[in-house]
Structures are given as C-alpha cells and as structure tokens.
Amino acid sequence: MKTIDFFVNGTEISVTCSPSKTLLEVLREDAGLTGSKECCGKGECGSCTVSLNGLPVCSCLVLAGQVHGENIITVEGIGTPENMDPVQQAFMDEGATQCGYCTPGLIVSARSYLNSIGHLPGLDEIKQALGGNLCRCTGYTKILKAVQTAAQKQLTFREL
C-alpha cells in the first residue's frame, strides 16, 4: 500500500492503495467519481477517458502509482448540470447521446481536443481527435456535429 497524492478536478486528494490499482478504480471507488465508465478494460473503447495533465488517456490503462502529483480532469470537472461546458451543451443540443455510456469519455476527449486548437475543425480532424472513443449506439453523425457546434461556440466566445 502506498499513499498517492494528486489533483482531481482542481482538488488535491490523497489515496492509500496499491500502486498497481488502476486510475479508473481509484476515481470510481476511492474518489466517488463515477462518470468515467469501465467497458473494455483494455484501452480500446475510450469510455474511461480522463484528462491527465491536459491529454486524454484511458484511465483503465493508467496505474495509480503513475499519477502521484499529477492533474486529472474527469467529466465531473468539465461542467455541471447548472453550468455546462459548451461541449456538454452541444451534446445535449445536438442529441449526441443515446445510452450515454460512452458520453463521458467522448466529452473529455472533445474538451481536451478543443483546448488544444484555435480554429474551427473539419470533420476529419474531429474524427482523428475522437479516434480512441467508440460508440456502439450511434453512427457518430450527431457526435461529430456536437463537437463542431462546441468548437464554433468556443471560437465565438474567444472573439468577444
């Protein structure tokens, strides 16, 4: 057992656990943040995506011992129902969710991507950015539209 200190959604937390416990398990079981979902457990689906120091990662592949002193943002840290991030609002407005299981990972990936660019992305760019996230319910059309809508709102806001 080891004490691991890191930041989650801007709050420092300390967890005593095996360093080989996955970040996903720590977030869900120890921190009570259940937005990230376990689906494949192999880093293939993206349902457990979180931002680690600004980059999207599959939290099922990251060990707790690797995040000591690091900054994690989960879907819970992106926005709230009362104050949604533009990505979350666009997913709602465009009807980009169905069962919702993949949605937290898609939102984290989309937010990380949009934070890294300063232009309106084309569909191919968005597909590339979301390439590590799978959705078994949709044909991705509404998801891609939601990311474009969020990007447009973000650029408009920056211009103001």
Side-chain angles (χ1 to χ4, degrees), residues 6-11 22-28 31 33-64 66-67 69-160:
F6 57 104
F7 294 87
V8 178
N9 302 330
T11 302
T22 68
L23 175 58
L24 177 62
E25 292 169 327
V26 169
L27 291 171
R28 291 181 61 81
L33 298 169
T34 58
S36 302
K37 308 294 187 222
E38 182 169 8
C39 188
C40 72
K42 299 176 184 177
E44 295 176 359
C45 71
S47 293
C48 66
T49 301
V50 298
S51 173
L52 173 60
N53 297 324
L55 299 173
V57 299
C58 292
S59 61
C60 71
L61 297 180
V62 176
L63 301 179
Q66 295 174 291
V67 299
E70 306 297 343
N71 292 302
I72 310 294
I73 302 292
T74 67
V75 70
E76 291 94 342
I78 291 180
T80 65
E82 300 80 25
N83 187 25
M84 282 195 245
D85 180 86
V87 173
Q88 293 169 315
Q89 188 64 57
F91 267 67
M92 294 288 293
D93 294 346
E94 301 295 342
T97 62
Q98 286 194 11
C99 81
Y101 207 80
C102 66
T103 305
L106 282 161
I107 287 172
V108 171
S109 291
R111 172 47 49 219
S112 293
Y113 171 62
L114 293 179
N115 285 346
S116 73
I117 64 169
H119 64 278
L120 186 61
L123 288 178
D124 288 339
E125 289 177 85
I126 296 170
K127 288 177 186 178
Q128 179 86 20
L130 300 182
N133 298 84
L134 299 178
C135 177
R136 292 178 172 98
C137 298
T138 71
Y140 296 96
T141 302
K142 291 180 179 184
I143 293 168
L144 298 173
K145 176 66 174 150
V147 176
Q148 278 189 317
T149 298
Q152 183 63 51
K153 287 180 184 177
Q154 180 172 301
L155 285 174
T156 301
F157 181 73
R158 283 184 185 168
E159 292 171 1
L160 296 177

Just to verify, which of Val67, Ile72, Val26 counts as forming a side-chain contact (heavy atoms from CB on, under 4.5 Å) with Val8? Ile72
Determine all donor-acceptor pairs shorter than 3.5 Å in which one atom belongs to a side chain in residues 79-86; sequence neighbours excluded.
| residue | atom | partner | partner atom | Å |
| --- | --- | --- | --- | --- |
| Thr80 | OG1 | Glu82 | N | 3.4 |
| Thr80 | OG1 | Glu82 | OE1 | 3.4 |
| Thr80 | OG1 | Asn83 | N | 2.9 |
| Asp85 | OD1 | Arg111 | NE | 3.2 |
| Asp85 | OD2 | Val87 | N | 2.8 |
| Asp85 | OD2 | Arg111 | NE | 3.2 |
| Asp85 | OD2 | Arg111 | NH2 | 3.0 |

Is a side-chain donor-acceptor pair under 3.5 Å present for Gln128 with Asp124?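 Short answer, no.
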Any side-chain heavy-atom pair from [X] and [Y] closer than 4.5 angstrom?
| X | Y | result |
| --- | --- | --- |
| Gln66 | Leu23 | no |
| Cys39 | Arg136 | yes |
| Tyr140 | Leu130 | no |
| Cys135 | Cys102 | yes |
| Asn9 | Leu33 | yes |
| Pro104 | Ser36 | no |

Hey, does the side chain of [X] reach the backbone of [Y] with a donor-acceptor pair shorter than 3.5 angstrom?
| X | Y | value |
| --- | --- | --- |
| Gln154 | Leu114 | yes |
| Tyr101 | Lys37 | no |
| Thr22 | Glu25 | yes |
| Arg28 | Thr34 | yes |

Hey, what do you get for [atom1] ([X]) to [atom2] ([Y]), rounding to the nearest 0.5 Å?
| X | Y | atom1 | atom2 | answer |
| --- | --- | --- | --- | --- |
| Gln98 | Thr103 | CD | OG1 | 9.0 Å |
| Leu134 | Leu106 | CG | CG | 9.0 Å |
| Thr156 | Leu120 | OG1 | CG | 9.0 Å |
| Ile117 | Ser112 | CD1 | OG | 12.0 Å |
| Leu27 | Thr74 | CG | OG1 | 6.5 Å |
| Leu24 | Glu38 | CG | CD | 5.5 Å |

Given side-chain contact (heavy atoms from CB on, under 4.5 Å), test Val50 with Val57 step by step and report yes or no. CA-CA 6 Å; Val50 298; Val57 299; 3.9 Å; yes
Minimum heavy-atom separation for His119 to Leu155, with atom names?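 Taking His119 first and Leu155 second, the nearest heavy atoms are C-CD1, 3.4 Å.
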Can you name the nearest heavy-atom pair linking Cys40 to Glu44, along with the distance?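 Distance-wise, the nearest heavy atoms are SG-N, 3.2 Å.
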For Leu52 and Asn71: C-alpha separation, side-chain torsions, deciding distance, then whether side-chain contact (heavy atoms from CB on, under 4.5 Å) applies. CA-CA 6 Å; Leu52 173 60; Asn71 292 302; over 6 Å; no
Identify every side-chain donor-acceptor pair in residues 141-149 under 3.5 Å, counting partners at least two apart or on other chains, and give the distances.
| residue | atom | partner | partner atom | Å |
| --- | --- | --- | --- | --- |
| Thr149 | OG1 | Glu94 | OE2 | 2.9 |
| Thr149 | OG1 | Lys145 | O | 2.9 |

